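Below, each value reflects all heavy atoms present in this structure, side chains not excepted, and no hydrogens, waters or symmetry copies. The structure presented is a predicted model; accordingly, all values stated were derived computationally and were not measured.
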Amino acid sequence: MNGPKWIPALIIITVFQLISFAQVIFTEAGTNIMALVVLTIFMILEWVYAIVSTAVLKTNSPALEFLAFFLTGISLAIVTTRGSNTLLTQFIAVIIGFVLFLLMLRMIANVDRAEKFRYPMAGIGIALLVFGLIFAKNTNGAYNWVQFGGFSFQPSELVKIAFIFVGAATLEKIQTTKNIRNYALFAVVCVALLFLMRDLGTALIFFFTFVILAFMRSGDSRTILFSILAAAMAAVLVVLVKKNYVMNRFATYRHIWETPYGSGMQQTRVLTYSVSGGFLGMGIGQGKLRNIFAATEDLVFGVVCEEWGLIIGFLVAMSYVIIFIHSMRNAKGSRSAFYSIASCAAGALLLFQASLNIFGVTDFLPLTGVTLPFVSKGGSSTVSCWGLLAFIKAADNRTWEGGRS
């Protein structure tokens, strides 16, 4: 999909976005000028980036970024119905995330230079979690949101980038298990802090990512088994120490229809409303699920299925599978183990997080409250996802054909 071959794909995405955005710009209440300006700028950004990256910088096809643009466009359309301020906040997060994507590509273009940031990134990651533990307020049972006036962010989302960066940089060269132990210590500290913050969903994501990183470098199934057993022991300890909190979080799993107006309300509504839109959806802003608590965050996949239809819902779910496949393909021929490790870990993290969200709200898995990458409302999550995408992009050798170093 080099050169002009990417144009048909972006045209399809643009047409889809025009149809979606028109529904939230031109409403019965009149024309939403803020939405018109913001969403137009977003579509222009897509085209400018595609043209500059392929025609000017001579890099590889922006197919990976197109998937992110597709998912991000859905997010912007959803939050538009929440008000202009919400849309503007989310759009600013998209811009920050996209700039971070470009900056990270530049930073990790030289592996030797990137490795020098290993310890600073580890320090920043732990510092962010400690900061969150101290200053975060209790939000739905977890201490993961830090607020400053009208501004808030989730430190653990940003630490995902540091977690993979440190892991890939630490395990990149040395063939022994020494570096795995060193990284394991960093991982244990991060996961322990997340447990103290009661952010169990993110802790599970971090542990899963650690297992991927450790296995990729060691190839030792015994290392993985030891890690899983250690995690199981830690989980038992958490249940014993915070029994009431953990049991309350998982009490409704597979029993949501027993309390459809209580603790099972969110998931029963997702299962009911998500199929009510049929294959083509009820129209953006016309769904009933958006009136349920956390509709645009934890339950956003149900909103997509209800308002866009099951076809788009399926395409959204498949986007994460394609991103993961892309990360694995890039890793095979990557010019450095750093890129290979980081790419696979980032792709697996995004897919695993998406699975926790999609299968959690539909009651196939316990509801953990994690966001749907690129789609859920939330600036921290959006910035984090774009940062993780840089690891996958960097693993493709064609990314550097333009001569960047």
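Under the 30°/60° scheme for interplanar angles, the aromatic rings of F69 and W386 are found to be tilted. Under the 30°/60° scheme for interplanar angles, the aromatic rings of Y49 and F101 are found to stand perpendicular. Taking the six-membered ring for Trp and thresholds of 30 and 60 degrees, F364 and F359 have ring planes more than 60 degrees apart, a perpendicular arrangement.
Listed for the Y339 side chain is a donor-acceptor partner under 3.5 Å among the backbone atoms of A109. Counting only distance, with no hydrogens or angles, the side chain of Q90 and the backbone of G378 share a donor-acceptor pair below 3.5 Å. Here the side chain of N357 pairs a donor or acceptor atom with the backbone of D298 at under 3.5 angstrom. In this structure a side-chain-to-backbone donor-acceptor pair under 3.5 Å is present from S380 to Q154. Although no hydrogens or angles enter the test, the distance criterion places no donor-acceptor pair under 3.5 Å between the side chain of T170 and the main chain of G167. Looking at S340, its side chain does come within 3.5 Å of a backbone N or O of A331 through a donor-acceptor pair. Remark: the backbone N or O of A77 is not paired with any side-chain donor or acceptor of Q17 at under 3.5 angstrom. Side-chain atoms of T89 come within 3.5 Å of backbone atoms of N85 as a donor-acceptor pair (strictly under, hydrogens ignored). Within the 3.5 Å criterion, the main-chain N or O of E157 finds a donor-acceptor partner in the side chain of S384.
A distance of 5.5 Å separates CZ of R113 from CZ of R106, quoted to the nearest 0.5 Å. Atom-to-atom distance recorded for K160:NZ and T209:OG1 is 8.5 Å, nearest 0.5 angstrom. Rounded to the nearest 0.5 angstrom, C305 SG and I311 CD1 are separated by 11.0 Å. Between the CZ atom in F70 and the CD1 atom in I322 there is a gap of 9.5 Å [rounded to 0.5 Å]. Atom CD1 of I358 is separated from atom OG of S274 by 11.5 Å, given to the nearest 0.5 angstrom. One finds the CH2 atom of W47 at 5.0 Å from the OG1 atom of T14 (value rounded to the nearest 0.5 Å).
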Passes side chain to side chain contact (heavy atoms under 4.5 Å, CB included), I74 versus I312? Steps please.
-> CA-CA 10 Å; I74 292 176; I312 299 301; 4.1 Å; yes
Show your working on side chain to side chain contact (heavy atoms under 4.5 Å, CB included) between L349 and F163 and close with a plain yes or no.
-> CA-CA 11 Å; L349 187 156; F163 194 79; 6.0 Å; no
Please lay out, stage by stage, how M104 and F391 fare under the test side chain to side chain contact (heavy atoms under 4.5 Å, CB included).
-> CA-CA 8 Å; M104 284 194 60; F391 291 123; 3.4 Å; yes
For M318 and V321, run side chain to side chain contact (heavy atoms under 4.5 Å, CB included): C-alpha distance rounded to whole Å, both residues' side-chain angles, the deciding distance at 0.1 Å, then the answer.
-> CA-CA 5 Å; M318 286 303 300; V321 177; 4.3 Å; yes
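Residues F42 and F98 form no side-chain contact, since every pair of their non-hydrogen atoms from C-beta on lies 4.5 Å or further apart. Using a 4.5 Å heavy-atom cutoff, the side chains of I323 and L64 are in contact. A 4.5 Å side-chain heavy-atom check between Y320 and S355 finds every atom pair outside the cut-off.
Taking every heavy atom of both residues into account, A348 and F324 meet most closely at N-CD1, 3.6 Å. For G132 against V146, the heavy-atom pair with the smallest separation is CA-CG2, 3.9 Å. Heavy-atom minimum distance, G387 versus I161: CA-CD1, 3.8 Å. The heavy-atom pair separating N330 from S343 by the smallest distance is CB-OG, 4.2 Å.
The residue from T382, V300, T296 that alone fulfils the side chain to side chain contact (heavy atoms under 4.5 Å, CB included) condition with V375 is V300. Screening I96, V94, I95 for a side chain to side chain contact (heavy atoms under 4.5 Å, CB included) involving I92 leaves a single residue, I96.
Side-chain atoms of E307 and Q23 form no donor-acceptor pair, as typed in the model, at a separation below 3.5 Å. In this structure, a donor-acceptor pair under 3.5 Å is absent between the side chains of S376 and T371.
By the ring-ring contact (aromatic ring centres under 6.0 Å, His included) test, F165 is found to be paired with F338, residues two or more places apart in sequence or in another chain being considered.
Dense packing is recorded around CG of L18, with more than 12 heavy atoms of other residues, nucleotides or ligands lying under 6.0 Å away. Counted within 6.0 Å of CZ on R82, heavy atoms from surrounding residues, nucleotides or ligands total more than 12; the atom is thus considered enclosed. For CE of M328, the number of neighbouring non-hydrogen atoms (other residues, nucleotides, ligands) closer than 6.0 Å is 12 at most.
Sequence neighbours left out, the pairs with a member in residues 360-381 that pass salt bridge (charged side-chain N to carboxylate O under 4.0 Å, His left out) are E297-K377.
With respect to R290 and E306, no salt bridge is recorded, no charged nitrogen being found less than 4.0 Å from a carboxylate O.
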Would you tabulate the side-chain donor-acceptor contacts of residues 190-197 under 3.5 Å, counting partners in other chains and residues two or more places apart, or write 'none'?
none

